Amino acid sequence: MENNKIAVGLDIGTTKIVAMIGRKNEYGKLEVLGIGKAKSLGVKRGVVNNITQTIQSIQQAAEEAESISGYKIENVVVGIAGQHIRSLHHSDYITREKSEEVIDATDIENLVSQVHKLVMLPGEEIIHVLPQEFKVDSQPDIKEPIGMYGGRLEANFHVVVGQVSSIRNVGRCIKSAGLNLSDITLEPLASASAVLSQEEKEAGVALIDIGGGTTDLAIFKDGIIRHTAVIPFGGNVITEDIKEGCSIIEKQAELLKIKFGSAWPGENKETEIVSIPGLRGREPKEITLKNLSKIIHARVQEIIEHVYLEIKNYGHETQKGKLIAGIVLTGGGAQLKHLRQLVEYITGMDVRIGYPNEHLAGDSDEALSSPAFATAVGLLMEGLQKETEEKVVIEEAPEALVEEAIEEEKEIIEEIQEEKEHKAKKSKSFFDKFTERFKEFLDNAE
C-alpha cells in the first residue's frame with residue numbers, strides 16, 4: 001500500500017501518551033500497524049506543564065510505534081483537551097453576489113472563514129467551527145444547502161475555543177519531538193468518531209470520555225454536534241482520594257483502584273480485606289474493600305453530577321433536546337467496575353460502555369478495543385479522512401486537462417516572445433536613446 005494512505009494519531013493524555021500508526025484495509029476498516037505508549041509526566045489536567053518531559057514522552061511513544069510498524073512517523077493528528085476549552089453558539093450569514101448560481105462548497109467555506117474572524121477574548125483562539133443547521137433565504141432547518149438556489153446563506157455554528165498558549169505549547173512539543181502537526185482536534189470529537197454510531201448521533205446521545213486528568217463531554221442530536229465541555233476531573237482525582245483516605249503511596253492507590261475498585265459500595269462486605277505491603281520495614285496496611293469503594297463512589301458521583309449538569313444545561317429535559325440514546329461512557333475511567341450502574345442511577349438515562357472495536361479490522365489486537373484507546377483510534381480515523389480528502393482534491397484535476405493547460409501556456413509564451421523580438425527590432429534606436437538618458441539621470445542624481 002502507498003505510504004500516503006498511512007496516518008498517525010497522537011493522544012497526549014494526562015496519564016499516557018499514545019502514538020497510533022494505521023491505514024484502511026480493503027474493507028474500509030482500520031488496520032493498526034503500530035502503537036507506542038509512554039507514561040505522560042509533563043501533562044496535568046490535559047494541559048502541558050512541563051515541555052521537556054512531554055517531548056521525551058512523545059518521542060518514546062513515536063519511536064515504539066515506528067519500531068513495531070517499520071514506518072517513519074512524520075505528520076501527526078493530535079487531540080486537545082484541558083479546562084481552558086470552552087464552546088459557544090454563534091449565527092452568521094453571507095449575501096451571495098451570484099444568487100442565480102447554486103450554492104457550492106466555496107460559499108460554505110466563505111461562511112466558515114467569516115466565523116473564524118470572530119473577535120475572541122484576549123489569549124483565546126478558535127479550534128473548530130462546526131456548522132449546525134443552515135438557512136437559505138427564509139427557509140430554515142436545512143442540513144445540506146449545496147446545490148440549492150438562494151441569495152442569503154445563514155447558519156448556526158458550534159464554535160470551540162481554547163487558550164492560544166496551551167495550543168502553542170502542544171505544537172512546540174510536537175515540533176521539538178521531530179514531528180509535524182498536520183491537524184488538531186478536540187478529544188471528545190475524536191472519541192465520538194471512534195465509539196458512536198450514526199443512529200445514536202441521530203437519536204441524541206451524550207459521550208462521556210473519562211480520562212486521567214479530564215472528563216470530556218460531547219452531545220449529539222439529529223446527527224449534529226450540539227454541545228462540548230471539558231471538566232477538569234478524571235481518574236487521577238480518584239487515585240488521589242484513595243491515596244489520602246488510605247494513607248498509602250500513589251502507585252499502590254492506582255493498583256488498588258484498578259484491581260479492587262468499585263463505584264458501588266453496596267456490593268462489598270465488611271469482611272473483605274486487602275493487605276498492602278508497608279514501606280521499608282513497616283507493618284503492612286489492611287484496607288477493607290467497602291471503605292475503598294466508598295471513597296471511589298464519593299468522587300465518581302461528584303464527576304458524574306458535574307457532567308449531568310452540563311447535559312441539563314444543553315436542554316436534555318426539554319422535549320426537543322431529549323437524548324433518546326442516553327449516555328456512552330469511554331476512556332480509561334470507563335473500565336471502573338459498576339460505573340455504568342452508578343451513572344444510570346444518578347442520571348436515569350440508558351448507559352453503555354463505548355468500545356472502539358467497531359472500526360477496527362477483525363484481526364486487530366484485543367487490547368486496542370479497550371475504551372482507553374478510543375481517543376487514539378478516533379484521531380487516527382481523522383488523520384486517514386484528511387489524507388483521503390487531500391488525495392481527492394489532487395485527483396480532481398485530470399492529467400489530460402493539466403497537459404492541455406501546459407500546451408496553451410507554451411503557445412501564449414511563444415506568441416509573446418515573437419512580439420517582443422519584433423518590437424525590439426523596431427525600437428532599437430529608441431531604446432538606446434532611453435538608456436543613455438536614464439544613465440545621465442542617475443549620474444546627475446549622484
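Source: prediction; values computed, not measured.
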Side-chain (K143) to main-chain (D222) donor-acceptor, under 3.5 angstrom: yes
Interatomic distance, I208 atom CD1 to I219 atom CD1 [nearest 0.5 angstrom]: 8.5 Å
N180 side-chain N/O to S182 backbone N/O, donor-acceptor pair under 3.5 Å: no
Check: I108 and F134 side chains under 4.5 Å, non-hydrogen atoms: yes
Side-chain donor or acceptor of K221 paired with backbone N/O of A203 under 3.5 Å: yes
Salt-bridge criterion met for R340 and E344 (N-O under 4.0 Å): yes
D107 backbone acceptor or donor facing D104 side chain under 3.5 Å: yes
Heavy-atom donor-acceptor pair, R45 side chain to P232 backbone, under 3.5 Å: yes
Donor + acceptor pair across side chains of E302, H306 (<3.5 Å): no
Pairwise distance CZ(R172) to CG(L181) - rounded to 0.5 angstrom: 14.5 Å
Which atom of M20 lies closest to which atom of A376, heavy atoms considered: CE-CB, 3.9 Å
Pair S191, D216: side-chain N/O donor-acceptor within cut-off below 3.5 Å: no
Spatial distance of atom CG (L111) from atom OG1 (T106) [nearest 0.5 Å]: 12.5 Å
S91 side chain to N156 side chain, donor-acceptor N/O pair below 3.5 angstrom: yes
Over 12 foreign heavy atoms within 6.0 Å of CZ, R96: yes
Candidate list V160, L130, I85, test side-chain contact (heavy atoms from CB on, under 4.5 Å), partner T228, passing option: V160
side-chain contact (heavy atoms from CB on, under 4.5 Å) between L339 and V351, worked out: CA-CA 10 Å; L339 178 66; V351 181; over 6 Å; no
Flag side-chain contact, heavy atom, 4.5 Å: K285 against Q252: no
Close side-chain approach of I287 to I276, heavy-atom, < 4.5 Å: yes
Ion pair D183/K386, N-O distance below 4.0 Å: no
Side-chain donor/acceptor of T214 to backbone N/O of V230, under 3.5 Å: no
For the student: nearest non-hydrogen atoms of M381 and S193, plus distance: CE-O, 3.3 Å
Neighbour count >12 (heavy atoms, 6.0 Å) for atom NZ, K322: no
Minimum-distance pair of heavy atoms, taken over all atoms of G321 and T318: N-OG1, 3.2 Å
Short side-chain to backbone donor-acceptor contact, E200 and S197, under 3.5 Å: yes
Flag if over 12 foreign heavy atoms under 6.0 Å of CD, E97: no
Enclosure of E144 CD (heavy-atom neighbours >12, cutoff 6.0 Å): yes
Side chain proximity check, K37 to F373, heavy atoms < 4.5 angstrom: yes
Separation between CD1 of I127 and CD1 of I167, rounded to the nearest 0.5 Å: 4.0 Å
L153/V136 under side-chain contact (heavy atoms from CB on, under 4.5 Å): CA gap, chis, key distance, verdict: CA-CA 5 Å; L153 178 64; V136 177; 3.9 Å; yes
Heavy-atom side-chain proximity of M349 to Y308 below 4.5 angstrom: yes
Straight-line distance of Y314 OH to L309 CG, nearest 0.5 Å: 15.5 Å
Heavy-atom closest pair, residues S40 and S57: CA-OG, 4.2 Å
Set of salt bridge (Lys or Arg N to Asp or Glu O under 4.0 Å) partners for E310, sequence neighbours left out: none
Non-hydrogen atoms of A7 and L384 that approach each other most closely: CB-N, 3.6 Å
Heavy-atom closest pair, residues P356 and L368: CG-O, 3.7 Å
Residue pair I80, V78: steps toward the side-chain contact (heavy atoms from CB on, under 4.5 Å) verdict: CA-CA 7 Å; I80 193 157; V78 74; 6.0 Å; no
Close side-chain approach of L323 to V205, heavy-atom, < 4.5 Å: no
E74 with K72: basic N within carboxylate O range, under 4.0 Å: no
Main-chain N/O of E358 paired with K29 side-chain donor or acceptor, under 3.5 Å: yes
Student check: side-chain heavy atoms of L118 and V115 closer than 4.5 Å: yes
Check: Q163 main-chain N/O paired with H84 side-chain donor or acceptor under 3.5 Å: yes
Interatomic distance, I242 atom CD1 to I296 atom CD1 [nearest 0.5 angstrom]: 4.0 Å
Worked verdict on T185 versus V77 for side-chain contact (heavy atoms from CB on, under 4.5 Å): CA-CA 7 Å; T185 300; V77 174; 4.0 Å; yes
I248 side chain near L256 side chain, heavy-atom distance below 4.5 Å: yes
Which residues share a salt bridge (Lys or Arg N to Asp or Glu O under 4.0 Å) with E250, sequence neighbours left out: none
Donor-acceptor under 3.5 Å (S176 side chain, C173 main chain): no
Heavy atoms from other residues, nucleotides or ligands near NZ of K257 exceed 12 (cutoff 6.0 Å): yes
